[in-house]
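In this text the structure is predicted, and so the values were computed from the model without any measurement. Values below: every heavy atom of this structure, side chains too, minus hydrogens, waters and symmetry copies. Throughout, protein chains are lettered first and strands after them, A, B, ... in sequence-line order, and every chain is numbered starting at 1.
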Amino acid sequence: MANIVQAVRGTQDYFPEDMAVRNWLYSQMRSVSESFGYQEYDGPFLERFDLYAAKSGAELVEKQSYVFEDRGGEKIALRPELTPTLARMVASRQRQLTYPLRWWSFGPFWRYEKPQKGRSREFFQWNIDMIGEDSPEADAELAAVAASFLRSVGLQPSEVQVLVNNRQLMQQELEALGIPAAKHKLVFGLVDRRDKLSAAAWNEYGAELGLSQAELGGIQKIISDQQLWKKSPSLVRFFEAVAAHNASDYVRFGPQIIRGLDYYTGTVFEAWDTAGEFRAIFGGGRYNDLVNAVGGDPVPAVGFAVGNVVISLMLKALGRLPQLSAGAPIYVTVFGEEQLAASLTLAAELRSAGLAVASHLAADKLQKQFKQADRLGAKVVLVLGPDELQQKQVTLKDLRSGEQRNLPQTELAAELKRILSAT
RNA sequence: GUGGAUGUAGCUCAAUGGCAGAGCACCGCAUUGUGGAUGCGGUGGUUGCGGGUUCGACUCCCGUCAUCCACCCCA
């Protein structure tokens with residue numbers, strides 16, 4: 001045990017049961033994406049480091065990127081996020097594409113962070129974006145996609161909420177307080193910490209940023225005003241559209257939501273578990289300047305990203321993960337040496353008929369073979385002994401009901417399909 | 001990057017400087033044509049790793065690695 005080479009810190013091994021969960025999530029993401037007409041794409045896992053510089057958050061670029069120099073002296077990064085890649089891809093074919101683009105992707109990302117629960121150095125993300133449409137209705141469609149996804153994995157509105165805010169609204173409100181635009185970024189950082197610091201510590205931090213007591217009081221008033229969204233015509237339209245999507249139960253206004261990445265320009269949103277036990281489940285927003293920033297003409301865009309780690313932890317904690325068995329539902333035993341070939345052939349014929357079948361490979365005790373079938377999650381076990389062979393029959397045992405019967409080999413494939421589809 | 005906690009069997013955990021254990025899991029038998037339940041028996045350990053103190057270290061000290069927690073940041 002102590003001699004086993006350790007896995008790289010912050011990475012996760014996906015054993016079959018873990019892979020089943022990841023693939024199940026992937027399939028939910030795929031079906032929700034496709035149900036809204038989004039198309040799957042992917043970018044390279046390696047990008048030039050420059051792509052991220054000054055376009056993502058400084059923390060993400062300077063501290064959390066895996067960066068190396070390739071043999072040609074090029075500074076290369078393992079992608080820490082997908083959005084800049086998407087912007088680059090759009091810019092490179094800007095005139096050939098039909099807008100709005102509805103694109104989604106699922107793949108690995110790397111960030112050099114200190115691993116904790118729900119945060120690893122290698123993780124998977126679902127990214128889904130709409131590009132070329134600058135409207136509250138576009139933002140609302142993404143929120144509706146998010147709500148559909150939460151519903152599809154079995155999370156209730158009482159358990160997860162998508163909190164939405166608008167950066168422009170917040171900037172207007174700050175300016176109304178007399179806080180200059182140059183300070184807004186720092187103030188956003190302050191807003192982000194409202195829930196984490198005590199009132200006194202928060203005030204102290206605000207004072208360090210050079211804010212007066214009057215300004216701090218004003219900021220507090222803004223971020224606790226649940227009706228503030230009514231001042232933003234854009235958010236009003238947004239919530240109307242969300243209601244039309246039948247997604248209102250999952251989506252509400254959250255004046256404290258700001259987000260760390262620098263490229264967001266308008267609507268921003270994050271999903272949180274209402275119990276507050278986990279970190280953010282996903283986050284996203286509108287980024288209208290990013291395509292321009294990577295060298296294309298300006299194109300408006302909105303999207304969000306969901307990591308696989310937090311949502312898996314949460315579904316597991318809530319007991320919402322479905323029963324996922326990766327093994328074949330049919331297990332063919334080997335009665336004895338003499339029947340080995342016939343048993344393998346039986347399995348081969350069933351596979352030709354379109355069934356998934358695992359074969360035992362030796363004439364072990366049937367007890368052992370049944371036990372193995374049970375543990376591998378098989379639903380049906382087949383036995384081909386001398387009696388069955390003589391009568392051209394097969395014994396079929398349903399492991400769930402415990403019922404067992406003989407039937408002619410010619411009827412076997414059809415009967416198995418009937419039994420397995422019945423569940 | 002900062003601060004803190006914890007590493008003992010496959011898993012969950014005992015052993016408070018003096019023989020490394022239990023439950024679950026696993027293997028075998030009861031049961032030579034049948035899984036799950038039960039009974040009995042059995043396998044399994046560089047106590048994360050390296051060093052130090054001691055007659056003697058799972059236990060105390062130092063270092064290191066890993067995990068977890070709070071910051072930071074964020075999926």
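In summary, the aromatic rings of W229(A) and F239(A) are positioned with their centroids under 6.0 Å apart. Side-chain rings of W126(A) and F282(A) stay apart, their centers remaining 6.0 Å or farther from each other. Here F124(A) and F109(A) keep their ring centres 6.0 angstrom or further from each other.
By the 4.0 Å N-to-carboxylate-O rule, R48(A) lies too far from D70(A) to be salt-bridged with it. We find that K397(A) and E403(A) are not joined by a salt bridge, their nearest charged nitrogen and carboxylate oxygen being 4.0 Å or further apart. Residues R111(A) and E81(A) are not paired through a salt bridge, judged by the lack of any N-O separation under 4.0 Å between the basic side chain and the carboxylate. A salt bridge does not link E47(A) with R79(A): none of the charged nitrogens is closer than 4.0 Å to a carboxylate oxygen.
Atom CD1 of I258(A) and atom P of C74(B) are 12 Å apart (whole Å). Across the protein-nucleic acid pair, R111(A) atom CZ and C72(B) atom C1' stand 14 Å apart, rounded to whole Å. The distance between atom CD of Q125(A) and atom C1' of C74(B), rounded to the nearest whole Å, is 10 Å. Taking atom CD of residue Q116(A) and atom C1' of nucleotide U6(B), one finds them 15 Å apart after rounding to whole Å. Rounded to whole Å, atom C1' of C73(B) lies 20 Å from atom CH2 of W110(A). What separates CZ of F15(A) from C1' of C11(B) is a distance of 14 Å, to the nearest Å. If you take NZ of K185(A) and P of C73(B), they are 12 Å apart, rounded to a whole angstrom. With rounding to whole Å, E270(A) atom CD is found 13 Å from C73(B) atom P.
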*RNA chain B base-pair string [pairs: Watson-Crick or G-U under 3.5 Å; |: paired with another strand]*: (((((((..((((....[..)))).(((((.......))))).....(((((..]....))))))))))))....
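Nucleotides U12(B) and A75(B), compared at atom P, are 31 Å apart to the nearest Å. A distance of about 15 Å separates the C1' atoms of G45(B) and C13(B), rounded to the whole Å. With both ends at atom P, the span from C29(B) to G56(B) equals 47 Å, rounded to whole Å. For the P atoms, the distance from G28(B) to A66(B) is 39 Å, rounded to whole Å. To the nearest whole angstrom, the two C1' atoms, one in U16(B) and one in C24(B), are 26 Å apart. Annotation: C74(B) and A5(B) have their P atoms spaced 28 Å apart (nearest Å). Taking the C1' atoms as reference points, G44(B) lies 10 Å from C27(B), given to the whole Å. Taking the P atom of each, A22(B) and A9(B) are spaced 14 Å apart, rounded to whole Å.
Remark: R30(A) fails to qualify as a cation-pi partner of F106(A) under the 6.0 Å distance and 45° angle criteria applied to the six-membered ring. Geometrically, R22(A) engages Y14(A) in a cation-pi contact, judged by NZ or CZ lying under 6.0 Å from the ring centre and within 45° of the ring axis.
Nucleic acid contact class of G10(A) (heavy atoms, under 4.0 Å, all strands): sugar-phosphate only. Within the 4.0 angstrom heavy-atom criterion, no nucleotide atom of any strand lies near A373(A). At a threshold of 4.0 angstrom between heavy atoms, the contacts of F123(A) include nucleobase atoms, whether or not backbone atoms are also involved. If you check every strand for non-hydrogen atoms under 4.0 Å, I311(A) touches nothing. Residue S120(A) is in base contact, counting any heavy-atom pair closer than 4.0 Å across all strands shown.
Within 3.5 Å, a donor on the side chain of E113(A) pairs with an acceptor on the base of A75(B), or the reverse. Between the side chain of R119(A) and the base of C72(B), at least one donor-acceptor pair of N or O atoms lies under 3.5 Å.
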*Nucleotide by nucleotide, 5' to 3', does protein get under 4.0 Å of the base (B), only the sugar-phosphate (S), or neither (-) in nucleotides 30-37 of chain B, counting heavy atoms?*
-B-BBBB-
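Between the CD atom in E388(A) and the CG atom in L407(A) there is a gap of 10.5 Å [rounded to 0.5 Å].
The number of heavy atoms from other shown groups lying within 6.0 Å of CZ (R320(A)) is above 12.
Nearest-nucleotide positions on RNA chain B place T11(A) closer to the 5' end than the other of T11(A) and E122(A). Comparing N308(A) and P115(A) against RNA chain B, the residue whose closest nucleotide sits nearer the 5' end is P115(A).
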